[in-house]
A.B. asks: 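Attaching a single structure in structure tokens format; questions to follow.
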Protein chains: 2
Amino acid sequence: MIKLSKKVEYAILALQYIAENSSKTNTAKEIAGKLSLPYDFLSKLLQTLMKKGLLVSQLGVKGGYKLVKQISEITVEELMNALDERSSIVDCADGDSNCCSRTEICDIRSPIMTLQEQINNIFKNTTIANLKNNINI
Amino acid sequence: MIKLSKKVEYAILALQYIAENSSKTNTAKEIAGKLSLPYDFLSKLLQTLMKKGLLVSQLGVKGGYKLVKQISEITVEELMNALDERSSIVDCADGDSNCCSRTEICDIRSPIMTLQEQINNIFKNTTIANLKNNINI
DNA sequence: TAAATTCCGATAAAAATAATCGTATTTTTG
DNA sequence: CAAAAATACGATTATTTTTATCGGAATTTA
């Protein structure tokens, strides 16, 4: 609960890797290899990020992925949205008006939404660059 | 992703219900009925909260549950812990030292922990009483 | 002793997440 | 042009987590 998916976790690592190697196009294979991530899964994920405009891809032999903008300009929120991760802590927090079939008046909806907003703010204010050690122990 | 489990959701509702009816012991059956929650599931959840010291139970015919302390003194963090919900956003954030088998040096562990702490703070600073509308629309 | 209840372990069902597979398409290069 | 290296994409499977259910035991009250 309240956990980042592997998708998001791998994407953070991959974006950071691409950022470090931004002079060239990076193949999914290389990234997966270097970071020991499952190739197929990563590959699909990168395609999604490409479709969502966070990466550009090049097809063919010299193909691979490049960043569109710097990782200091990509927020975790943006990444989660791109990967279709809903950050709604309860179902009714993202527009399900039937949420309150349980009780006549949903007693907790509004305060839960506030909780939601606080969490969203954290993800909104954290960039992929923020999630990187500057110190290599 | 980043979602409260039904356990936590139901527990919030149940604790609020019990708080409103604190003059008597409340049976799992009644709470489930009034809130339209699945009895077996709720029942087990209340037993857990009892074991963790958030509720006291009384066996037998006039049995049921009562609060040990006021819901304004129970934080969401406490509830999640009681329900064995780990609020760790990544596996390595709760003591899995093997987390970094992927890369020699885990580049993101420390900043992820910071993110984790921010999220924890929210749950630490929100009580079950806070999650209740004072206005009934 | 019967009824209402908590208590408890086991299991099943459903949903979400993660991973895999096969194949098509594109591009480069020899 | 043909082969190789890569992305693109749909379908499917496997795994894990979450949610729900079941059966019966123990406890208390009346």
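Every chain is numbered from 1, with letters handed out A, B, ... down the list of sequences. Since the structure is predicted, the reported quantities are computational estimates derived from the model, not experimental observations.
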A.B. asks: Rounded to the Å, how far apart are A:Gln47 CD and C:dT20 C1'?
C.D. replies: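 Taking CD of A:Gln47 and C1' of C:dT20, I get 14 Å after rounding.
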A.B. asks: Which residues, if any, of residues 53-64 of chain B bring a heavy atom under 4.0 Å of DNA chain D?
C.D. replies: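 Listed by number, they are B:Gln58, B:Leu59, B:Gly60, B:Val61, B:Lys62.
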A.B. asks: As an exercise, state the distance from CZ of B:Phe123 to CE of B:Met80, rounded to the nearest 0.5 Å.
C.D. replies: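 Interatomic distance, B:Phe123 CZ to B:Met80 CE, rounded to 0.5 Å: 5.0 Å.
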A.B. asks: Take the protein atom CE of B:Met50 and the nucleotide atom P of C:dC8, then report the distance between them rounded to whole Å.
C.D. replies: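 So the CE-P distance, B:Met50 to C:dC8, works out to 6 Å.
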A.B. asks: Give a yes or no on this: more than 12 heavy atoms of other residues, nucleotides or ligands lie within 6.0 Å of atom NZ of A:Lys24.
C.D. replies: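 It does: A:Lys24 NZ has more than 12 such atoms within range.
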A.B. asks: In this structure, how many angstroms lie between the P atom of C:dA15 and the NZ atom of A:Lys3, rounded?
C.D. replies: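 Going from A:Lys3 (NZ) to C:dA15 (P), I get 20 Å.
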A.B. asks: Run through the side-chain heavy atoms of Ile, Leu, Val, Met, Phe, Trp and Tyr, join any pair under 4.5 Å, and report what else lands in B:Val68's cluster.
C.D. replies: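 In the cluster with B:Val68 are B:Val56.
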A.B. asks: Provide, to the nearest angstrom, the distance between the NZ atom belonging to B:Lys7 and the C1' atom belonging to D:dT21.
C.D. replies: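 Distance, rounded to whole Å: 15 Å.
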A.B. asks: Which one, D:dT21, D:dC9, D:dA8, comes nearest to the side chain of B:Pro38?
C.D. replies: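 The listed nucleotide nearest to B:Pro38's side chain is D:dT21.
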A.B. asks: Look only at the side chain of B:Asn26 and the backbone of B:Asn21, and say whether a donor-acceptor pair between them is shorter than 3.5 Å.
C.D. replies: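 Flag set: sc B:Asn26 to bb B:Asn21 pair under 3.5 Å.
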A.B. asks: Give one of base, sugar-phosphate or nothing for B:Tyr39, where a contact means two heavy atoms less than 4.0 Å apart.
C.D. replies: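 B:Tyr39: base contact, heavy atoms under 4.0 Å.
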A.B. asks: Does A:Glu78 pair with A:Lys69 as a salt bridge, N-O distance under 4.0 Å?
C.D. replies: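 Yes, A:Glu78 and A:Lys69 are salt-bridged.
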A.B. asks: What is the separation between atom CG on B:Asp40 and atom P on D:dC22, rounded to the nearest whole Å?
C.D. replies: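 From B:Asp40 CG to D:dC22 P: 7 Å.
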A.B. asks: Could you give the CG-to-C1' distance, from A:Leu42 to D:dA6, as a whole number of Å?
C.D. replies: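 It works out to 14 Å between those atoms.
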A.B. asks: With a 4.0 Å cut-off, would you call B:Lys34 and B:Glu20 a salt bridge?
C.D. replies: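 Salt bridge flag = no for B:Glu20 with B:Lys34.
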A.B. asks: Under 4.0 Å between a side-chain N or O of A:Tyr65 and OP1 or OP2 of D:dA6?
C.D. replies: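 Answer is no, no contact under 4.0 Å.
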A.B. asks: Let's see if you can work this out: which of C:dT20, C:dT6, D:dA20 has an atom nearest to the side-chain heavy atoms of A:Lys44?
C.D. replies: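 Out of C:dT20, C:dT6, D:dA20, the nucleotide with an atom closest to A:Lys44's side chain is C:dT20.
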A.B. asks: Rounded to the nearest Å, what distance is computed from the CZ atom of residue A:Phe41 to the C1' atom of nucleotide D:dT13?
C.D. replies: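 Roughly 14 Å, once rounded to whole Å.
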A.B. asks: Would you mind reading off the distance between A:Lys52 atom NZ and D:dC9 atom P, rounded to a whole angstrom?
C.D. replies: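 So the two atoms are 13 Å apart, to the nearest Å.
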A.B. asks: For A:Lys44, does its backbone N or O pair with a side-chain atom of A:Thr48 as donor and acceptor, under 3.5 Å?
C.D. replies: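 Between the backbone of A:Lys44 and the side chain of A:Thr48 there is a qualifying donor-acceptor contact (under 3.5 Å).
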